[in-house]
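Read the structure below first, then the notes.
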Amino acid sequence: MNQHEPIRYRSTRSAGPTVPISQAIAAGLAPDGGLYVPEQLPTLDPAAFDPHGSLADTAATLLAPFFAGDALAGELAAICAEAFTFDTPLRALPAHPRTAMLELFHGPTSAFKDVGARFLAACLRRLPRADARPLTILVATSGDTGAAVAAAFHRQPNVDVVILYPDGLVSPRQAHQLGCFGDNVRALRVAGRFDDCQRMVKAALNDAGLQAQRPLSSANSISLGRLLPQMSYYAHAALGWWREHGTPLNFIVPTGNLGNALACLWVRELGLPVGEVRLACNANATLPEFFAGADYAPREAVATLANAMDVGAPSNFERLRWTYPDAARLRQRLQAHSVDDAAIRRTIAGHAREHGEVFCPHTATAMHLLDRLRADGDDASWAVVATAHPAKFESVVEPQVGHPVDVPPALAAMLTRSASAEPLAASDTALRSWLLPT
Ligand SMILES: *Cc1c(COP(=O)(O)O)cnc(C)c1O
């Protein structure tokens, strides 16, 4: 077996102090408000992976150096087995040569967020806490994260989950999913946008006075416990492709907060066979404008049909800059493009009509970029990342495809439960008062 040097983690905003991975996972955000990153990314040998291994096996091999020397290192294989209970198949599209879908929606809540949420829950469950009081996991969600985190922590002892989502800006089925858990899970519908929810969560996590009264942690994509496991499906797909075809695989990733795409980029930085990476954004063009040469200009999000990507200030941008400190090199290594709602609708309708393939609105942004590439004569091999099942967004998808979309069994079961959420003003103080014990 490989012996790995222990890796320590530091904030994107300072060189020290460094902490072991379990401390970075338990904290979520670094004390200075930055995001945790490894001191350096390790290098992995593609030959170190078992060609017949499962996704969980690939994850355990991939993540071993990130956990080397940590209290959780001995538990890593068990954590991966617990988190990766479903597959993330790379499915070739019969009608499209050299095109495959990386389907990330076969988990309990039908979106890729299940991977990170389940891995984080499996880690936190094993970490000793000095504090005997329940831990409150705060999660800001544009729809899918909240349900995945709720499902991963539902009925877990000594953990409460508080979900904040923008009222009216998630799909009806997403809202139902968020409100249907009960028990240790509470849903708050915030009179604001996703960026407000995210700001409120960050403010609460940085509020030492509040933390002293109610221990808090986050489960947003800012947590390394969610980001790192997301590398697994890219590594698994790219290694499988490389063994079969001898070439790296290129990916088009629907992008909002940059957590999913950053995982893909890190896999490439580790030395595994990932080729080009393209970011597909919706009308929220902060990243496309930056990649076109403008200064980075975070802003308020606008609502689009791909609501899980309605982000104007992508929280993982700091990690992207840490990965590629030189802006010119960053713009060389990556591209980002904006896809508007009209193109999302057209893409969903066109692929359903011509090929019988049905995509969720987020997946459709990536498929649209591929359609543009093909129209320009590109004949490389691309994997389009399918981030959610179309049935979660039936109110967008069904009018375009003209027929009902089959609902996966786990989603169908959630829809039969009753659901409720409490209203909350979009202010940091409103969340603070709600969280404080009365
Ligand atoms: C969260 C989400 C995205 C965006 O992922 P990021 O990691 O925030 O970039 C895309 N599609 C779906 C369906 C999502 O739930």
Side-chain angles (χ1 to χ4, degrees), residues 103-114 117 139-151 163-181 185 187-198 221 254-257 260 280-284 301-311 339-345 347-349 352 358-367 385-423:
E103 292 185 347
L104 305 182
F105 53 69
H106 297 286
T109 69
S110 308
F112 81 89
K113 306 292 200 307
D114 282 320
V139 47
T141 184
S142 51
D144 290 330
T145 293
V149 170
I163 303 167
L164 285 77
Y165 71 88
D167 198 6
L169 296 179
V170 305
S171 83
R173 281 185 182 162
Q174 281 180 311
H176 193 100
Q177 244 187 349
L178 293 168
C180 81
F181 287 91
V185 178
L188 302 176
R189 46 188 178 86
V190 172
R193 298 164 197 268
F194 170 70
D195 288 343
D196 295 310
C197 300
Q198 187 155 264
S221 61
T255 295
N257 258 321
N260 199 11
C281 299
N282 58 25
N284 290 281
V302 298
T304 76
L305 296 176
N307 65 20
M309 292 154 49
D310 289 349
V311 178
V339 178
D340 65 17
D341 279 355
I344 290 174
R345 285 201 190 87
T347 304
I348 295 173
V358 181
F359 305 125
C360 91
H362 313 82
T363 306
T365 64
M367 188 47 91
V385 177
T387 48
H389 193 286
K392 261 188 124 161
F393 302 93
E394 88 290 0
S395 54
V396 175
V397 173
E398 289 179 354
Q400 299 308 318
V401 305
H403 60 77
V405 179
D406 287 343
V407 179
L411 178 57
M414 286 186 196
L415 294 176
T416 63
R417 294 195 227 153
S418 69
S420 70
E422 289 174 53

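Here, residue 1 is the first one in the sequence, and each next residue gets the next number.
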Residue list, side-chain hydrogen bond (donor to acceptor under 3.5 Å, both in side chains) with [X], at least two apart or on another chain:
X	answer
His106	Glu103
Arg189	Asp167
Thr109	Asp114
Asp195	none

Rounded to the nearest 0.5 Å, what separates atom [atom1] in [X] from atom [atom2] in [Y]?
X	Y	atom1	atom2	result
Thr363	His389	OG1	NE2	10.5 Å
Thr387	Met309	OG1	CE	7.0 Å
Thr145	Phe112	OG1	CZ	6.5 Å
Gln177	Ser171	CD	OG	8.0 Å
Glu398	Ile348	CD	CD1	11.0 Å

Just to verify, what does Lys392 make a salt bridge (charged side-chain N to carboxylate O under 4.0 Å, His left out) with, not counting sequence neighbours?
Asp144

For residues [X] and [Y], report the shortest heavy-atom separation together with the two atoms involved.
X	Y	value
Phe359	Ala364	CB-N, 4.2 Å
Phe181	Ala147	CZ-O, 3.8 Å
Val397	Cys360	CG2-CA, 4.3 Å
Cys197	Pro166	SG-N, 3.8 Å
Ala301	Arg193	O-NH1, 2.7 Å
Thr141	Phe194	C-CD1, 3.4 Å

Evaluate the criterion side-chain contact (heavy atoms from CB on, under 4.5 Å) for residue pair Asp310 and Thr304; output intermediate values, then yes/no.
CA-CA 7 Å; Asp310 289 349; Thr304 76; 2.7 Å; yes

Pairwise side-chain contact, Ile163 with Val149, heavy-atom cut-off 4.5 Å (strictly under):
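No. Closest side-chain heavy atoms not under 4.5 Å.
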
Could you check whether any side-chain N or O of [X] sits under 3.5 Å from a backbone N or O of [Y], counting only pairs where one atom can act as donor and the other as acceptor?
X	Y	answer
Asp340	Ala283	no
Thr365	Cys281	no
Asp341	Leu305	yes

Take Asn260 and Leu104, measure what side-chain contact (heavy atoms from CB on, under 4.5 Å) needs, and give me the verdict at the end.
CA-CA 11 Å; Asn260 199 11; Leu104 305 182; 4.0 Å; yes

Table please: side-chain donor-acceptor pairs of residues 404-419 below 3.5 Å, with sequence neighbours left out.
| from | atom 1 | to | atom 2 | distance (Å) |
| --- | --- | --- | --- | --- |
| Thr416 | OG1 | Ala413 | O | 2.7 |
| Arg417 | NH1 | Cys180 | O | 3.3 |

Please tell me whether Ser142 and Asn307 have a donor and an acceptor in their side chains that are separated by less than 3.5 angstrom.
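Distance-only check fails for Ser142 and Asn307.
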
